[in-house]
Amino acid sequence: MSNEIKSNESDTGRHFLKQWIAEDVAAGKTGGLVVTRFPPEPNGYIHIGHAKAICIDFGMAREFGGQCNLRMDDTNPSKESDEYADSIKEDIRWLGFDWGEGFYNAADLFDKMYEIAENLITSGHAYVCALSQEEWKTYRGVPTQPGRESPTRNRPPEENLALFRRMKAGAFAEGEMCLRAKIDMASPNIHFRDPVIYRILHVPHYHAGDTWCVYPMYDFAHPIEDAFEGVTHSMCTLEFEVHRPLYDWVIDRMDEMGLLVVRNSVKIRPQQREFARLNITYTVMSKRKLLQLVQDGHVEGWDDPRMPTVCGLRRRGYTPAAIRDFCERVGVSKYNSETDAALLEYCIRDDLNKTALRRMAVLDPVKVVIDNFPDGATDHAEAQNNPEDPAAGTRQIPFSRELWIERDDFMEVPAKKFFRMTPGQEVRLRGACLFLCTHVVKDAGGNVTEIHGTYDPASKGGNAPDGRKVKGTIHWVSAQHAVPLRVRLYDRLFTVPDPLGDDTKDFLAFLNPDSCKAVTAYCEPALADAQPGDTFQFERTGYFCADTRDSTPGAPVFNRTVTLKDSWGGK
Ligand code: ATP
Ligand code: MG
């Protein structure tokens with residue numbers, strides 16, 4: 001984050017958007033109600049970048065006691081669907097936000113937008129143009145030199161109106177004609193050089209049906225939607241900054257037409273400001289790219305737990321509180337940057353540490369045999385469900401002669417500072433007892449198949465009776481009672497921090513082939529009762545969430561939400 005923003009925040013505790021809104025409220029520009037909006041295009045599932053925009057749009061409305069509308073910005077009929085619109089609503093609610101009565105579809109304003117377009121034609125502010133897209137681009141020119149006028153720029157309004165009506169009636173093919181705003185072909189801002197505001201698309205709309213074959217462009221539609229909804233503060237990402245003069249131009253024309261909403265005798269003039277997009281390392285954040293991952297089968301679907309989509313994160317075990325906390329920590333700035341994926345992981349760890357119940361599960365098992373423990377007997381270890389939360393209580397975990405432990409908790413020849421299990425070194429079996437390894441059994445290949453040793457019957461609960469020091473504590477699961485469950489160890493989806501950063505290679509070249517490793521873990525019996533969506537800390541290994549799709553009663557499938565420690569730097 002830049003120094004400028006930091007000093008802003010320390011001066012006033014407010015980022016620039018908060019300051020901007022506060023000033024307008026003070027100046028009486030809002031008519032007593034701050035109105036913002038979140039305007040997704042229903043052409044894909046929303047991702048964590050959208051979550052940032054949602055936290056800002058809804059968050060600012062909340063901060064100023066106002067209203068945030070949810071508007072489906074469905075002006076491009078070719079890629080939109082109800083499936084996407086429904087998922088967006090579900091995800092926003094899940095994130096903890098509510099639009100109340102303020103739900104809108106941009107398409108409901110198609111009639112009004114068309115009327116405004118006709119008005120612009122009549123008042124000499126728009127004309128029908130027959131340049132092809134290629135020609136239009138050449139005419140528009142480069143910022144350093146004025147563009148060339150379209151040959152039909154000065155055609156009389158009546159003729160433009162007649163042509164526009166024929167466009168609407170379906171008399172022309174796609175691309176044959178378009179409607180352009182008549183602004184300034186010499187403007188250094190290329191978006192001001194007579195931008196296209198209506199184009200022909202012979203495509204039915206998922207809501208409006210086949211009523212229309214002319215559709216408004218985003219830059220024209222967006223300010224109109226804001227104005228009709230009485231939006232006071234319209235916040236979007238930085239790429240729209242250069243479009244802002246056009247936004248203001250459309251608002252000016254609506255003002256001239258007397259179309260601005262009046263609230264408590266104040267004429268509401270929507271204004272736009274821009275903030276930096278959220279980018280996160282080791283992932284991609286564009287709906288188009290995410291759709292490609294889904295369609296080409298690189299992931300299971302939009303809610304694949306490796307996806308940065310809100311539904312993917314939910315399935316992975318992320319909580320709304322952790323995502324909101326993350327968005328808060330990322331902050332609001334005017335400078336594009338990449339946020340370290342480790343920050344998102346930090347936020348979920350921080351949240352789950354407080355709430356997740358602890359369980360024992362061994363992901364890569366090797367057998368331990370306690371030679372002095374009676375064969376066939378069962379004892380129980382008592383363990384806290386969550387040391388961070390005494391109210392979560394305790395549970396009994398069965399203990400017997402044969403246990404599973406993690407393979408990497410044992411070293412026959414210990415490395416320096418290896419305090420876990422190794423012959424001759426006592427180790428604590430968490431919550432159960434102290435154990436001393438005496439010897440191992442190996443297979444023909446020299447691999448350890450069984451670790452043998454003895455326990456100290458006087459060390460119940462894992463406490464040394466004489467206060468002797470035992471450094472290592474490891475987790476275990478009774479072999480006789482273990483429930484084998486499927487566990488998916490997710491890792492980053494891409495192998496490089498910026499998969500889009502290499503011009504010579506497609507981003508798919510950087511997909512991590514090991515982003516989903518499935519294992520059968522030996523789990524303590526309580527885990528078999530996990531309900532879909534339940535999250536646990538598997539002691540010493542990480543946080544895991546019972547999958548909402550693949551779990552069946554008595555046989556949950558676990559997704560690793562995040563490892564217990566930040567292992568990124570080291571590995
Ligand atoms: P994408 O680039 O992923 O396809 P989009 O901008 O086309 O996204 P929209 O549905 O148009 O998606 O976005 C709705 C709102 O979310 C917009 O106001 C947009 O500025 C904001 N938004 C989209 N991506 C991000 C992001 N990465 N960070 C912050 N805000 C974002
Ligand atoms: Mg968009």
Side-chain angles (χ1 to χ4, degrees), residues 1 15 17 36-61 68-81 83-89 91-92 95 97 99 104-107 216-219 221-223 225-226 229 231 233-244 247 270-295 302 307-313 323-324 326-339 341 343-344 498-500 507:
M1 202 185 283
H15 56 65
L17 292 173
T36 63
R37 86 289 168 268
F38 174 65
E41 189 184 344
N43 62 350
Y45 283 67
I46 55 174
H47 50 61
I48 185 147
H50 294 111
K52 171 179 174 179
I54 289 168
C55 287
I56 292 174
D57 294 331
F58 284 89
M60 288 303 95
C68 180
N69 294 337
L70 170 60
R71 177 199 312 147
M72 295 299 162
D73 216 329
D74 51 359
T75 50
N76 178 2
S78 26
K79 296 173 191 156
E80 296 162 359
S81 80
E83 175 199 341
Y84 295 138
D86 291 343
S87 77
I88 292 170
K89 287 185 190 171
D91 290 348
I92 297 174
L95 283 171
F97 298 106
W99 51 90
Y104 298 92
N105 288 303
M217 299 298 286
Y218 176 89
D219 278 343
H222 200 76
E225 295 152 18
D226 282 350
E229 289 174 30
V231 166
H233 296 87
S234 187
M235 293 164 278
C236 55
T237 33
L238 279 182
E239 69 271 23
F240 293 106
E241 194 169 19
V242 284
H243 300 239
R244 199 205 296 169
Y247 181 96
Q271 304 178 73
Q272 176 185 299
R273 287 293 181 278
E274 308 81 15
F275 57 86
R277 294 178 91 75
L278 172 69
N279 296 303
I280 302 185
T281 53
Y282 297 100
T283 190
V284 293
M285 201 78 92
S286 122
K287 279 187 277 191
R288 203 165 49 81
K289 297 271 182 322
L290 296 175
L291 178 66
Q292 193 181 343
L293 291 176
V294 173
Q295 284 181 337
W302 285 98
M307 291 279 271
T309 49
V310 172
C311 55
L313 290 166
I323 295 175
R324 291 196 305 263
F326 170 75
C327 293
E328 185 74 26
R329 286 169 191 271
V330 167
V332 179
S333 101
K334 273 261 177 204
Y335 304 90
N336 280 322
S337 62
E338 292 258 310
T339 297
L343 180 63
L344 182 59
D498 181 7
L500 300 175
F507 75 110

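In listed order, ligands and their atoms are each counted from 1.
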Report yes if some N/O of [X] lies less than 3.5 Å from some N/O of ligand 1; otherwise report no.
X      : value
Phe275 : no
Glu41  : yes
Asn43  : no

* To do: Have a look at Ser234 and tell me which of Gln271, Arg37, Gln272 forms a side chain to side chain donor-acceptor pair (under 3.5 Å) with it.
  =>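 Single pass found, and it is Arg37.
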Please identify which atoms of ligand 1 are closer than 4.0 Å to at least one heavy atom of [X].
X      : value
Pro40  : 10 (O), 14 (C)
Ala53  : 16 (O), 21 (C), 30 (N)
Ser286 : 3 (O)
Phe38  : 14 (C), 15 (C), 16 (O)

* To do: Out of Met285, Arg277, Lys287, Arg288, indicate the one that has the non-hydrogen atom closest to atom 2 (O) of ligand 1.
  => Arg277
* Structure fact -> Heavy-atom proximity to atom 31 (C) of ligand 1 ranks first, among Ala51, Gly49, Gly44, Pro39, for Gly49
* How long is the gap from CG on Leu278 to NE2 on His47, to the nearest 0.5 Å? -> 8.5 Å
* Measure the CZ-CG distance between Phe275 and Asp57 for me, rounded to the nearest 0.5 Å. =>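 Rounded to the nearest 0.5 Å, the CZ-CG separation comes to 6.0 Å.
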* **Nearest heavy atoms of Asp73 and Pro39, plus distance in Å** => CB-O, 3.7 Å
* Structure fact -> Closest non-hydrogen contact found for Phe58 with Cys68 is CD2-CB, 3.5 Å
* To do: May I ask whether His47 places a heavy atom under 4.0 Å from ligand 1?
  => yes
* To do: Kindly indicate whether the side chain of Asn76, heavy atoms from C-beta on, has any atom under 4.5 Å from the side chain of Asn43.
  => no
* Asked: Hey, is Glu41 close enough to Lys287 for a salt bridge, meaning N to O under 4.0 Å?
  ->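 Salt bridge: no.
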